[in-house]
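Residue numbering restarts at 1 for every chain, and letters A, B, ... go by the order of the sequence lines. As the structure is a prediction and not an experimental result, all values here were calculated from the model.
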Amino acid sequence: MSANPTPLHLAVALDGTGWHPASWREPVSRPRDLFTAAYWTDLITEAERGLLDLVTLEDGLGLQSSHFLDPDGRTDQVRGRLDAVLIASRVAPLTQHIGLVPTVVATHTEPFHISKAIATLDYVSSGRAGLRVQITARPNEAAHFGRRTLGRIDRYDTPAVHELFDEAADHVEVVRRLWDSWEDDAEIRDTATGRFIDRDKLHYIDFEGRHFSVKGPSITPRPPQGQPIVSALAHETVPYRLVARSADIGYVTPFDTDGARAIVSEVRAEQRAAGRADEPLHIFGDLVVFLDGDPAAARARQERLDTLAGEPYTSDARIFAGSPAELADLLQEFETAGLTGFRLRPAVAGHDLPAITRGLVPELQRRGAFRRAYEADTLRGLLGLARPANRCAAA
Amino acid sequence: MTSPTTSSKPRRPVKQIHLAAHFPGVNNTTVWSDPRAGSHIEFSSFAHFARTAERAKFDFLFLAEGLRLREQGGHIYDLDVVGRPDTFTVLTALAAVTERIGLTGTINSTFNEPYEVARQFAGLDHLSDGRAAWNVVTSWDAFTGENFRRGGFLPQEERYSRAKEFLATAKELFDSWHGDEIIADQDTGTFLKDAKAGSFTHTGQHFDIHGQFNVPRSPQGRPVIFQAGDSEEGREFAAAEADAIFSRHGTLEAGRAFYTDVKSRLAKYGRRRDQLLILPAATFALADTDAEAEELAREVRRQQVSGATALKHLEFVWNRDLSSYDPEGPLPDVDPDVGDNHIAQGRAQVRMYRDPMATAREWRALAEANNWSIRDLVIHTGNRQNFVGSPATLARTIDEYVQSDASDGFILVPHLTPTGLDEFADKVVPLLQEQGVFRTDYEGPTLRDHLGLAHPDTETEERQAS
Ligand SMILES: Cc1cc2nc3c(=O)[nH]c(=O)nc-3n(C[C@H](O)[C@H](O)[C@H](O)COP(=O)(O)O)c2cc1C
């Protein structure tokens, strides 16, 4: 058993009853509980029992759809969801170690609100907060806000999409500056002068961008981690650039080791171009997983769900069906391409999440490739990231 | 619970008191300099406060909101507590460490969008099993707007037209799911009964939106609605739309006048007097004896109004820099600057002094008559504790206020974080319970149950039938 000097990181992506559209029909799935706190608490505490680094929570500002851009009007799949930041907050006091990374849609939200919400998530979780930033190009979601109309978008490489990602980068920049708009020791409680804060340690951020301007400072003091974790899913150059400029973790979707190597080198090149070569940036590979002790059972389950759904499930990420040992092999092979961790998307949350925590994790531990206990109290700590100095204070 | 029906004489039924807890925030009510004062931002403070209020069977916990740090004389105001958490996030986390207490959040209708806010409140209601309430406020100022994207602020005269349309739109979203759409039949494969669940279209002056709301109907149908405006328009808005008012009229006389005024507005909206609760903010000083409580009250007022604080409060009226004055000396002989009040930004108080010259004259006369320094004056004219006394005195006075229709109860704002309610919970609440005017246990699981409000579906049916 060879101890790996840099053990891999593991995240799990939670979305409804799981990523397969027919997952809700599995007996373990509890689809009627999706809007209860108990449902989410059970899943996230299971992930914590497996010592995972973090969970991400999917979200969206409209009903889920099987179409990329439009509503589908289907009634045979899970529809409706709760705000991911709220789910994370609800579960935070009931967990102790696992990172909580809700999805935040940059396109229609106020960075001022998002910044204080994630800072507060960091307070209520004692330093375990992050966010996954996402754009939306869906016209129906824009119509829920009525502030702008989005043109039809069919490719990443169009000016309209560049625009949405630029706006997301500005959004993240504002969120980060607001986190730093209070120095850590701004609260002084100086009874002699009657001053609660040293106002010289609070900073206006005076952000002026193409899409919005924000004055600051935040109404919420700097959160425990200083900077909670920023992450994003990326499939192409434009989103790679967002990851390279703005994130601590990028989730990428390689289909094989060569693909992984190519993606990693492109993201690293963008990182150098963004002047962040010296900063740590995790690149996690995303995989949809069907896990069973017997690999044939996993593949049979996939087929059964596909039959229920009426069509084979396809994904932006590689779909893996097999045993925990096979998955461990694959992850370790992918790791050689420069991925620093993985975000697994359980096909059926009620089945594949326990298979990760009780099957895959022990297998990786046996190989010396995964932690045996939580080694840090904060998400930054688990990811091996230092608590950053305050950028405003340095200025 | 004891019941007045055991009495043979017919008499006015005893009103049940509603009590709530306001986490003390960024005003000078909060005595942060007290050695017992804890963190105002760590979650443990909020958790302690909420658990105490729940132990005392309070109706709800209340959070205020401010979206820009206050400034005075062009600098961030540094004498009071500065900083607070995000309302939705901390209330949702509190739902995890409490079981029954209502969770009321102040959320602005100017710097938000209805789809997002409705989603968050519906989510809070789901994640708390029906304990969410929304205090709809209407601050509009450009100063706060500087923290937000496009069109972050609006003219003062439009604040209620946007607020009304915001709330109406949010209610349309809450009502866009009826509650029976999710079948989730695993055998037949039907998740939704109706592909159009959540459909809405709203066309109006401020919002022109349509689509499908993506949160199913929440346990309370929709959150309880609070209102906190005081103007004529604010009172009408409350009479038409709110379930409860958070008012600042906590004295007996002002409370009764406000109560009569607002309750009399209900009939024209087809509503009964018990469908809108009036709950003023109230502070208190509690000690073993009345004399000790008086002493404590005096001491707390002195802590709340330091010399520096006194000068800053005088500036609200004078609208000019008074830092060169001695707070222990006489009031300034210069007159207030009657131009637009820009000395203090991000404060509602400033708008209370609509005629600064008159206020200044009145205050000078008061100070001269009583030989008061600036600080004495601010201590005496500023907010006093509404209730001062022993546990028995507090229980009796609060009950008197409620029975004589100065309010339906109070939102208590203690001066200490987070332990400021502990003694009240241990000593005053049991007396109110003995008097038969306060619950000994929660009647039902939801905030609507605590407040005696009907589920919105039942209420709508009643309104349509009447
Ligand atoms: C007791 C009380 C508490 C209030 N709390 C808040 C608050 O926390 N945040 C806020 O933005 N406005 C708050 N307000 C302001 C009001 O909601 C309203 O926006 C303001 O008073 C203007 O409306 P009006 O002219 O009808 O009074 C409060 C008002 C009152 C009376």
>> For A/Phe207, which atoms come within 4.5 Å of any heavy atom of chain B: side chain, backbone, both, or neither?
In response: neither
>> Which residues pass the side-chain contact (heavy atoms from CB on, under 4.5 Å) test with A/Ala38, not counting sequence neighbours?
In response: A/Arg30, A/Thr36
> By a 4.5 Å heavy-atom criterion (distance strictly below it), what part of A/Ala143 contacts chain B: side chain, backbone, both, or neither?
Replying inline: both
> So what's closer than 4.5 Å to chain B heavy atoms on A/Pro27: side chain, backbone, both or neither?
Replying inline: backbone
>> Counting heavy-atom pairs under 4.5 Å with chain A, which one of B/Phe200, B/Trp177, B/Phe46 comes out on top?
In response: B/Phe200
>> We want to know whether A/Glu187 and B/His40 form a side-chain donor-acceptor pair, criterion being a heavy-atom distance below 3.5 angstrom.
In response: yes
>> If the condition is side-chain contact (heavy atoms from CB on, under 4.5 Å), which residues does A/Thr120 pass it with, not counting sequence neighbours?
In response: A/Val124, A/Thr220, B/Pro85, B/Asp86, B/Thr89, B/Val90
> Would you call A/His108 and B/Arg149 a side-chain contact if the rule is heavy atoms closer than 4.5 Å?
Replying inline: no
>> I'd like to know which of A/Leu94, A/Asn140, A/Leu86, A/Thr191 tops the heavy-atom pair count under 4.5 Å against chain B.
In response: A/Leu86
> Based on non-hydrogen pairs under 4.5 Å, which of A/Gly146, A/Ser125, A/Ala37, A/Pro31 is most in contact with chain B?
Replying inline: A/Pro31
>> Between A/Arg147 and B/Glu113 (salt bridge meaning N to carboxylate O under 4.0 Å), is one present in this structure?
In response: yes
>> Is A/Asp190 close to chain B through its backbone or its side chain, or both, or neither, when contacts mean heavy atoms under 4.5 Å?
In response: backbone
